[in-house]
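Every heavy atom of this structure was used, including side-chain atoms; hydrogens, water molecules and symmetry mates were not.
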Amino acid sequence: MADEKMMSQMSGKGGFIAALDQSGGSTPGALRLYGIADSDYNGDEEMFRLMHEMRVRIMTAPSFSGDKVIGAILFEKTMDGEAKGKPVPTYLWADRGVVPFLKVDKGLAAEENGAQVMKPMPDLDVLLARAAKKGIFGTKMRSVIVNADKTGIAAVVKQQFEIGHQILGHGLVPIIEPEVSIKSPTKQEAEAILRDEIAQRLDAVPAGQKVMLKLTIPTVPDFYKPLVDHKAVARVVALSGGYSRADACEKLSHNHGMIASFSRALTEDLRVTMSDAEFDASLAKTIDEIYQASVVKA
């Protein structure tokens, strides 16, 4: 059973989720943006150490707290790491009041029917059991939709919800993330198909259980409001999807009930060369901007 205090925060408190879950494929780009060049490290072990240091710097900054950041999505290596001498999930909840989530997918399969489902996750049950013991509240897993192809979108949603039920079985709350590419030439049409497919699957979620949804900010404001209001949905969060923070925040501000779950848009102004005071001032400004877009709607 999901932790009641965490569930109350995730389903009702104002704020947003920090996506700190860059994995092997996206880590080099995140480090470059932070000011660490590929030539500054050798091999994956050193790369992940630098990434962990960046994440810990964010999590331990004074401005990073449950007042505005109500949740954080972690990469598996981050979950297994420490912050201020404590396991990261424990530190986030006990010290910062931030609900910890875990990214569980292993990347994307090749595109088929205008979409990419997730690669197989044969060890998922072992990972979920370990996450639950570490105090993780929920999980997130990403698929990608490129075109308005009903067959491809249906396959993505079917897989997301099948694995979502597996996650619910471990007492964790799944974040279902079927991302519609912002570069899709049929983005609006894809969103219409996606909304219908998700609604059908939500109707089959057992009474008393809840999932979360992480969706690309829709072309039409409030298009996902029926999903926001569904009894099986704890929260609908928005991914930035490659939009700049300014664009993502502006678009999000027109979608009632959706809150942010930003990654690059959260960290785009942070640099390794900043003093701790400069780093926190920049992070605080960003947190406030995303928070305002999440809770104050036009």
Side-chain angles (χ1 to χ4, degrees), residues 1-17 19 21 70-73 99-105 115 117-118 121 124-125 127-128 131-132 136-145 150 152-180 190-218 220-239 252 255-261 294-295 297:
M1 234 1 230
D3 182 284
E4 287 186 16
K5 286 184 178 177
M6 291 187 186
M7 177 62 86
S8 176
Q9 176 157 312
M10 289 317 307
S11 59
K13 187 173 181 181
F16 70 94
I17 297 175
D21 59 323
I70 59 174
I73 304 171
V99 175
F101 290 82
L102 175 67
K103 167 189 160 69
V104 296
D105 69 80
V117 298
M118 296 175 287
M121 292 174 262
L124 181 59
D125 282 317
L127 178 59
L128 294 173
I136 293 291
F137 170 75
T139 65
K140 92 115 193 187
M141 49 192 177
R142 173 177 172 262
S143 311
V144 172
I145 295 163
K150 185 170 171 55
I153 294 172
V156 160
V157 175
K158 179 176 184 285
Q159 182 193 43
Q160 282 276 345
F161 274 86
E162 284 177 347
I163 297 173
H165 285 289
Q166 185 178 353
I167 291 162
L168 286 166
H170 285 264
L172 301 170
V173 176
I175 299 178
I176 306 290
E177 184 184 3
E179 174 182 349
V180 178
E191 288 163 351
I193 299 169
L194 178 63
R195 187 179 71 176
D196 289 346
E197 291 289 334
I198 291 175
Q200 289 178 26
R201 295 285 174 175
L202 287 174
D203 289 340
V205 173
Q209 292 191 327
K210 290 184 182 291
V211 302
M212 293 173 62
L213 303 173
K214 183 168 179 175
L215 305 171
T216 307
I217 302 168
V220 177
D222 279 339
F223 187 73
Y224 292 130
K225 193 66 166 61
L227 305 182
V228 172
D229 295 335
H230 198 286
K231 66 181 188 304
V233 175
R235 207 68 176 259
V236 178
V237 304
L239 57 99
L252 178 60
N255 287 272
H256 297 78
M258 287 184 82
I259 66 171
S261 176
S294 293
V295 301
K297 303 297 182 180

Practice task
Check whether any side-chain heavy atom of Met10 sits under 4.5 Å from a side-chain heavy atom of Val173, and report yes or no.
Solution key: no
Practice task
Measure across Leu252 and Ile259 and return the closest heavy-atom pair with its distance rounded to 0.1 Å.
Solution key: CD2-C, 4.1 Å
Practice task
Calculate, to the nearest 0.5 Å, the distance between atoms OH and CD1 belonging to Tyr224 and Ile198 respectively.
Solution key: 6.5 Å
Completion exercise
dist Ile167:CD1 -> Gln209:CD (nearest 0.5 Å) comes out at 12.0 Å
Practice task
Check Ile163, Thr139, Asp105 against Leu124 for a side chain to side chain contact (heavy atoms under 4.5 Å, CB included) and give me the one that passes.
Solution key: Ile163
Practice task
May I ask you to decide if Ala260's main-chain N or O and Ser294's side chain share a donor-acceptor pair within less than 3.5 Å?
Solution key: yes
Problem - Stepwise side chain to side chain contact (heavy atoms under 4.5 Å, CB included) test for Met212 and Ile17 - result: CA-CA 12 Å; Met212 293 173 62; Ile17 297 175; 3.8 Å; yes
Handout entry: Gln159 (side chain) donor-acceptor with Met118 (main chain) under 3.5 angstrom
Key = yes
Problem - Considering all heavy atoms, the nearest Val144-Val156 contact - result: O-CG2, 4.3 Å
Problem - Side-chain (Glu191) to main-chain (Val180) donor-acceptor, under 3.5 angstrom - result: no
Handout entry: Minimal non-hydrogen separation, Pro178 against Leu215, with atom names
Key = CD-CD2, 3.7 Å
Problem - Flag side-chain contact, heavy atom, 4.5 Å: Met141 against Ile176 - result: yes
Handout entry: Met258 and Pro218, any side-chain heavy atoms less than 4.5 Å apart
Key = yes
Practice task
Please say which of His165, Gln160, Lys158 ends up in a side-chain hydrogen bond (donor to acceptor under 3.5 Å, both in side chains) with Glu162.
Solution key: Lys158
Handout entry: Polar side-chain atom of His170 near backbone of Leu172 as donor-acceptor pair, under 3.5 Å
Key = no
Handout entry: Audit row: Phe161, Leu202, side chain to side chain contact (heavy atoms under 4.5 Å, CB included) steps and yes/no
Key = CA-CA 9 Å; Phe161 274 86; Leu202 287 174; 3.8 Å; yes
Practice task
Measure the spacing between CZ of Phe101 and CE of Met6 and express it to the nearest 0.5 Å.
Solution key: 9.0 Å
Problem - Between CD1 on residue Ile73 and CG on residue Leu102, distance to nearest 0.5 Å - result: 10.0 Å
Problem - Where at least one partner belongs to residues 194-218, residue pairs that pass salt bridge (Lys or Arg N to Asp or Glu O under 4.0 Å), sequence neighbours excluded - result: Lys150-Glu197
Problem - Pairs meeting criterion salt bridge (Lys or Arg N to Asp or Glu O under 4.0 Å) with involvement of residues 222-239, two or more places apart - result: Lys225-Asp229
Completion exercise
Correct closest heavy-atom pair for Leu168 and Pro174 would be CD2-CD, 3.6 Å
Problem - Interatomic spacing from CD1 in Ile193 to CD1 in Ile153 - rounded to 0.5 Å - result: 4.0 Å
Handout entry: Inter-residue atom distance Ile145.CD1 - Thr216.OG1, 0.5 Å rounding
Key = 8.0 Å
Practice task
Please examine the side chains of Leu194 and Val157, heavy atoms only from C-beta on, and report whether any two atoms are closer than 4.5 Å.
Solution key: yes
